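The structure appears right after this line, and notes come after that.
Keep in mind it's a predicted model, so treat the numbers as computed, not measured.
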Amino acid sequence: MSGNFQMSAQARMYSLYGLRVKSSIALPCPHAGDQNGLPADVELVEDSRTESWQAFDQARTSHEDDGFWECSTFQDDSAHVVCKGHFEFLVSGDGKQVRWRKLNDVSDEALLTYLMGQVLSFCLLTRGIEPLHATAVVVDGEAIAFLGSSGAGKSTMAAAFLQKGYSLLTDDVLVLQPDGDKLLAYPSLPRLKLTPETADAFFSGRRSIPMNSLTSKMIFPLSSQNHVGGIVPLRALYVLPKRHSKRRITVKALSGQTSFLPLIANTFNDAVLTPARLRQQFAFAGKVIAAVPPRQLSYPKRLELLPEVADAILADLSRELIAA
């Protein structure tokens, strides 16, 4: 087996996004413990046998290919995901097993980034959990989340908050669960993905790992001082702009359709588009809006201004606290 994974004599149980994940390789997640012999929600299995991956004789129900990320879903609800030249994954239709293999001598950190993000999202959906494409930091014991598509600046915004002494909760995948009239936000891996430009501005000198051969983004492992590993309530959800302001930083509340559409557009997994999944998306968006109405953030797209943008967000949170 290539890479630096530590194999254990016996598979261990880990906790991630509220799921019990069984794996014989060490994962950077809290151990779930025995919990009276409860079974795993998801089992991760390495399968390097060539014959296991040679053919899929089912008819596809969907297929997408962006040049690096290729995903097919099938009639039994299983999914075959390939990060070309890097990794390959097969998710069972019930979301209880993920088989994986490396296609090249790539880093374990990169494998985990995709395995515990894009791939595990299929398993979450089978349990009625809608992951958001968002990054969250923790301020005064509560999650502040940034919602947006790839390249919107979610991780960059988080880096600005880390520079101010705050901690990361999750990067790229945000899992929320209702708790009465609140939403609880779950932690992800202690990792942040940044472009070299952003890293030079906020993370200079830190150890980094290439994400894949087709992007300049790097993976930055975080220490426990920079990452919160527990569940915290969601305080605020900021939608990052598609078009940036040229002059000033603004924050405004969203309502009606303007609050609904960003949540639908930025659910994490867009490969599963069944009617049941779409109904699930709409119901989830309604719950989020009722508990934590999103706010639109607008600012000039300049790295040197991001600490000022972070200050504007903190000021917005303070105004809300005073008003309450």
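- Residue-environment remark: NZ (Lys164) exceeds the threshold of 12 foreign heavy atoms within 6.0 Å.
- You'll find the side chain of Leu168 reaches within 4.5 Å of the side chain of Leu222, heavy atoms only.
- Looking only at distances, a side-chain donor or acceptor of Gln296 sits under 3.5 Å from a matching main-chain atom of Val239.
- Scanning all heavy atoms of the two residues, the minimum distance from Thr135 to Ala158 falls at CG2-CB, 3.6 Å.
- How far OG1 of Thr267 is from CD of Gln281: 4.0 Å, rounded to the nearest 0.5 Å.
- A salt bridge is absent between Asp140 and Arg235; no separation between the charged side-chain nitrogens and carboxylate oxygens falls under 4.0 Å.
- Relative to the ring axis of Phe282, Arg279 does not place its NZ or CZ within 45° and under 6.0 Å from the centre.
- When all heavy atoms are compared, the tightest approach of Ser188 to Tyr17 is OG-OH, 2.8 Å.
- Centroid-to-centroid, the aromatic rings of His86 and Tyr114 stay 6.0 Å apart or farther.
- The shortest side-chain heavy-atom distance between Gln177 and Tyr186 falls under the 4.5 Å cut-off.
- Side-chain contact check for Glu46 versus Ser24: every heavy-atom pair is 4.5 Å or farther apart.
- With a 6.0 Å radius and a threshold of 12 heavy atoms from other residues, nucleotides or ligands, Glu197 has its CD atom at or below the threshold.
- You'll find the ring centres of Phe146 and Phe161 inside the 6.0 Å limit.
- Within the 3.5 Å criterion, the main-chain N or O of Ser149 finds a donor-acceptor partner in the side chain of Asn266.
- Of all heavy-atom pairs spanning Ser208 and Met218, the tightest one is OG-CE, 3.3 Å.
- Looking at Leu16 and Leu19, their side chains never come closer than 4.5 Å, going by heavy atoms from C-beta outward.
- Listed by chain and residue number, Met211, Asn212, Lys217 satisfy the side chain to side chain contact (heavy atoms under 4.5 Å, CB included) test with Thr215 (two or more places apart in sequence, or in another chain).
- With a 4.5 Å cut-off on side-chain heavy atoms, Gln97 and Val45 count as touching.
- A salt bridge does not link Lys96 to Asp41: none of the charged nitrogens lies less than 4.0 Å from a carboxylate oxygen.
- More than 12 non-hydrogen atoms from other residues, nucleotides or ligands lie less than 6.0 angstrom from CD of Glu304.
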Checklist entry - Does the side chain to side chain contact (heavy atoms under 4.5 Å, CB included) test come out yes or no for Val173 and Gln118, once each step is laid out? => result CA-CA 8 Å; Val173 183; Gln118 284 93 335; over 6 Å; no

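- In this structure, the side chains of Phe87 and Leu103 stay at 4.5 Å or more apart for every pair of heavy atoms.
- Residues Leu112 and Val21 share a hydrophobic cluster, clusters being chains of Ile/Leu/Val/Met/Phe/Trp/Tyr side chains in contact below 4.5 Å.
- Residues Ile144 and Val138 fail the side-chain proximity criterion, which asks for heavy atoms closer than 4.5 Å.
- Remark: the backbone N or O of Arg12 is not paired with any side-chain donor or acceptor of His31 at under 3.5 angstrom.
- Every residue meeting the side chain to side chain donor-acceptor pair (under 3.5 Å) condition with Thr73, not counting sequence neighbours, appears here in chain and number order: Thr61, Ser62.
- Note on Phe68: it clusters hydrophobically with Phe89, by side-chain heavy-atom contacts below 4.5 Å among ILVMFWY residues.
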Checklist entry - Should Glu64 and Trp69 be marked as a side chain to side chain contact (heavy atoms under 4.5 Å, CB included) after you check the CA-CA gap, both sets of side-chain angles, and the distance that decides it? => result CA-CA 8 Å; Glu64 59 181 279; Trp69 173 264; 4.2 Å; yes

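- Here the CG atom belonging to Leu162 is positioned 12.0 Å from the CZ atom belonging to Phe220, to the nearest 0.5 angstrom.
- Contact check on Glu130 versus Arg277 returns a salt bridge, with a Lys/Arg side-chain nitrogen under 4.0 Å from an Asp/Glu carboxylate oxygen.
- Under the 4.5 Å side-chain heavy-atom criterion for ILVMFWY residues, no single connected hydrophobic cluster contains both Leu184 and Leu174.
- Placement of Ile264 and Val288 within a single hydrophobic cluster is found when ILVMFWY residues are connected by side-chain heavy-atom separations under 4.5 Å, directly or transitively.
- A donor-acceptor contact shorter than 3.5 Å is absent between the side chain of Ser298 and the backbone of Ile249.
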Next on the checklist: Test side chain to side chain contact (heavy atoms under 4.5 Å, CB included) on Phe268 and Val175; report intermediate values, then the result.
Outcome noted: CA-CA 10 Å; Phe268 192 79; Val175 170; over 6 Å; no

Next on the checklist: For Ser72 and Arg60: C-alpha separation, side-chain torsions, deciding distance, then whether side-chain hydrogen bond (donor to acceptor under 3.5 Å, both in side chains) applies.
Outcome noted: CA-CA 6 Å; Ser72 299; Arg60 291 171 173 171; 3.3 Å; yes

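- Interatomic distance, CG of Leu263 versus CZ of Phe260, reported as 8.0 Å (0.5 Å rounding).
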Item to check | Chi angles and distances behind the side chain to side chain contact (heavy atoms under 4.5 Å, CB included) call for Leu192, Phe203 | outcome: CA-CA 10 Å; Leu192 194 61; Phe203 269 47; 3.7 Å; yes

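- When the side chains of ILVMFWY residues are joined at heavy-atom separations under 4.5 Å, either directly or via intervening members, Leu254 and Leu176 end up in a single hydrophobic cluster.
- Side chains of Asn226 and Ser167: no donor on one and acceptor on the other come within 3.5 Å.
- Separating the CD1 atom in Ile289 from the CZ atom in Phe284 is a distance of 10.0 Å, to the nearest 0.5 Å.
- Residues Cys71 and Phe122 form a side-chain contact, since some pair of their non-hydrogen atoms from C-beta on lies under 4.5 Å apart.
- Separation of atoms NZ (Lys193) and OG1 (Thr113) is listed at 6.0 Å; rounding is to 0.5 Å.
- Once rounded to the nearest 0.5 Å, the distance linking CG of Leu132 with CG of Asp172 reads 11.5 Å.
- Side-chain contact check for His63 and Glu70: at least one donor-acceptor pair (N or O, by modelled atom type) lies under 3.5 Å.
- Looking at every heavy atom in both residues, Thr126 comes nearest to Gly93 through CG2-O, 3.9 Å.
- Between Ile219 and Ala110, the shortest heavy-atom distance links the atoms CD1-CA, 3.7 Å.
- Side chain of Asp179 to backbone of Lys182: no donor-acceptor contact under 3.5 angstrom is found.
- A donor-acceptor pair under 3.5 Å is absent between the side-chain atoms of Asp316 and the main chain of Ala312, judged by distance alone.
- Here the closest non-hydrogen pair linking Cys123 and Val91 is SG-CG1, 3.9 Å.
- Here Pro221 pairs with Glu109, Arg191, Arg207, Ile209 under the side chain to side chain contact (heavy atoms under 4.5 Å, CB included) rule; sequence neighbours left out.
- Formation of a donor-acceptor pair under 3.5 Å by the Ser318 side chain with backbone atoms of Leu314 is found in this model.
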Item to check | Verdict with reasoning, Lys154 to Asp171, per salt bridge (charged side-chain N to carboxylate O under 4.0 Å, His left out) | outcome: CA-CA 8 Å; Lys154 302 182 297 295; Asp171 184 30; over 6 Å; no

